[in-house]
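So the structure is just underneath, and the comments pick up after that.
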Amino acid sequence: MRSPPQSGPGAGNRDEGGGADRQERRTACRRRLRVAYQGAPGSFGHQAALAFCRDCAAEARETFEAVAAAVARGEAERGVLPVENSRAGTVAGVAEIIAESGVRVLSEHDLPVRMHLLALPGVSLEQVRSVVSHPVALKQCAETLAALGLAGEAASNTAVAARALAARDQAVLASEAAAAAYGLVILRRDLQDDPGNATRFAIIAAAGAVG
Ligand SMILES: O=C(O)C(=O)C[C@]1(C(=O)O)C=C[C@@H](O)C=C1
């Protein structure tokens, strides 16, 4: 696998140098590229896709593998995959998926990640017994959840967990956008243990794609 670039001109971003990142954004915006991300609207992958190009057509896929496969097959011109979180470390499996799927990394971007505790309307913190989210999201909030006495339950994605929430003794860890998308209330804001919490996303394209 080709190593991702290790430095770049933009704060928090890594690109291939010489303004390639800016060029990438301009090109993406002109053509309204289809950008695949994992999860559902309101996920951090969705937010990364929108940050990469506000006018892109962001398309959800169920798994990280499906994101890479959609890009390799040309169903989407770009994909976004989380590579590493500043607190929780490497996102398991993603480096292997990139290496084995016929895609290449165009650039990498740090997305600030704020994790909120979301519940059904009318539910109070005292009613909540467990918290559902992506394992990487649970890890980012491990100390705060322990202090609140809340057990974690794994889901495939933060926004998928928010969309599926139906129990009044459960809450989810997800974004403010997920709360708005699925009619949930924010019980507690900013549960991430590190105030500087951020996830690095790779922007991928098909290995043979030009531009
Ligand atoms: O669950 C999501 O919303 C995702 O986009 C996945 C994911 C991850 O796999 O690391 C991405 C960013 C956040 O750090 C938490 C979860």
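Because the structure is predicted, anything quoted here is derived from the model rather than measured.
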Which value, rounded to the nearest 0.5 Å, describes the distance between [X] atom [atom1] and [Y] atom [atom2]?
X: N157; Y: H46; atom1: CG; atom2: NE2; value: 11.5 Å
X: S43; Y: Y37; atom1: OG; atom2: OH; value: 5.5 Å
X: Q38; Y: F64; atom1: CD; atom2: CZ; value: 4.5 Å
X: D193; Y: S86; atom1: CG; atom2: OG; value: 10.5 Å
X: R168; Y: Q127; atom1: CZ; atom2: CD; value: 6.0 Å

Counting C-beta onward and ignoring hydrogens, is there a side-chain heavy-atom pair between [X] and [Y] closer than 4.5 Å?
X: R32; Y: E77; value: no
X: V172; Y: T158; value: no
X: L106; Y: I204; value: no
X: V131; Y: L145; value: yes
X: Q47; Y: S175; value: yes
X: L165; Y: L120; value: yes

Minimum heavy-atom distance between [X] and [Y], given as atom pair plus value:
X: A40; Y: A159; value: O-CB, 3.5 Å
X: I186; Y: A179; value: CG1-CB, 4.0 Å
X: A177; Y: G42; value: CB-CA, 4.1 Å

Distance-only, no hydrogens or angles: does the [X] side chain make a donor-acceptor pair with backbone N or O of [Y] under 3.5 Å?
X: N85; Y: A198; answer: yes
X: H116; Y: D190; answer: yes
X: T144; Y: L191; answer: yes
X: S101; Y: I97; answer: yes
X: D169; Y: R129; answer: no
X: R200; Y: L111; answer: no
X: S133; Y: L173; answer: yes

Common cluster, V160/L184, ILVMFWY with side-chain heavy-atom separation under 4.5 Å: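 Looking at the clustering, L184 is in a separate group from V160.
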
- request: Find out if a path of hydrophobic residues (ILVMFWY) with successive side-chain heavy-atom gaps under 4.5 Å connects Y182 to L117.
  value: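 Linked, Y182 and L117 end up in one cluster.
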
statement: Given the options V105, V80, V35, I203 meets side-chain contact (heavy atoms from CB on, under 4.5 Å) only with V80

task: Please say whether more than 12 non-hydrogen atoms of neighbouring residues, nucleotides or ligands are located less than 6.0 Å from CD in E153.
output: yes

query: Is the F201 to H109 ring centre distance short of 6.0 Å?
result: no

R87 and its side chain to side chain donor-acceptor pair (under 3.5 Å) partner, picked from Q140, Q192, E143: E143

- request: Might you work through the side chain to side chain contact (heavy atoms under 4.5 Å, CB included) test for L187 and L118, ending with a clear yes or no?
  value: CA-CA 6 Å; L187 288 182; L118 316 183; over 6 Å; no

message: With a 4.0 Å cut-off on N to O distance, would you call E59 and R78 a salt bridge?
response: no

- request: Take M115 and R188, measure what side chain to side chain contact (heavy atoms under 4.5 Å, CB included) needs, and give me the verdict at the end.
  value: CA-CA 9 Å; M115 292 291 177; R188 285 276 285 260; over 6 Å; no

message: Could you walk me through whether V91 and V83 satisfy the side chain to side chain contact (heavy atoms under 4.5 Å, CB included) test, starting with their C-alpha distance in whole Å, then the side-chain angles of each, then the deciding distance to 0.1 Å, before giving a yes or no?
response: CA-CA 5 Å; V91 180; V83 177; 6.0 Å; no

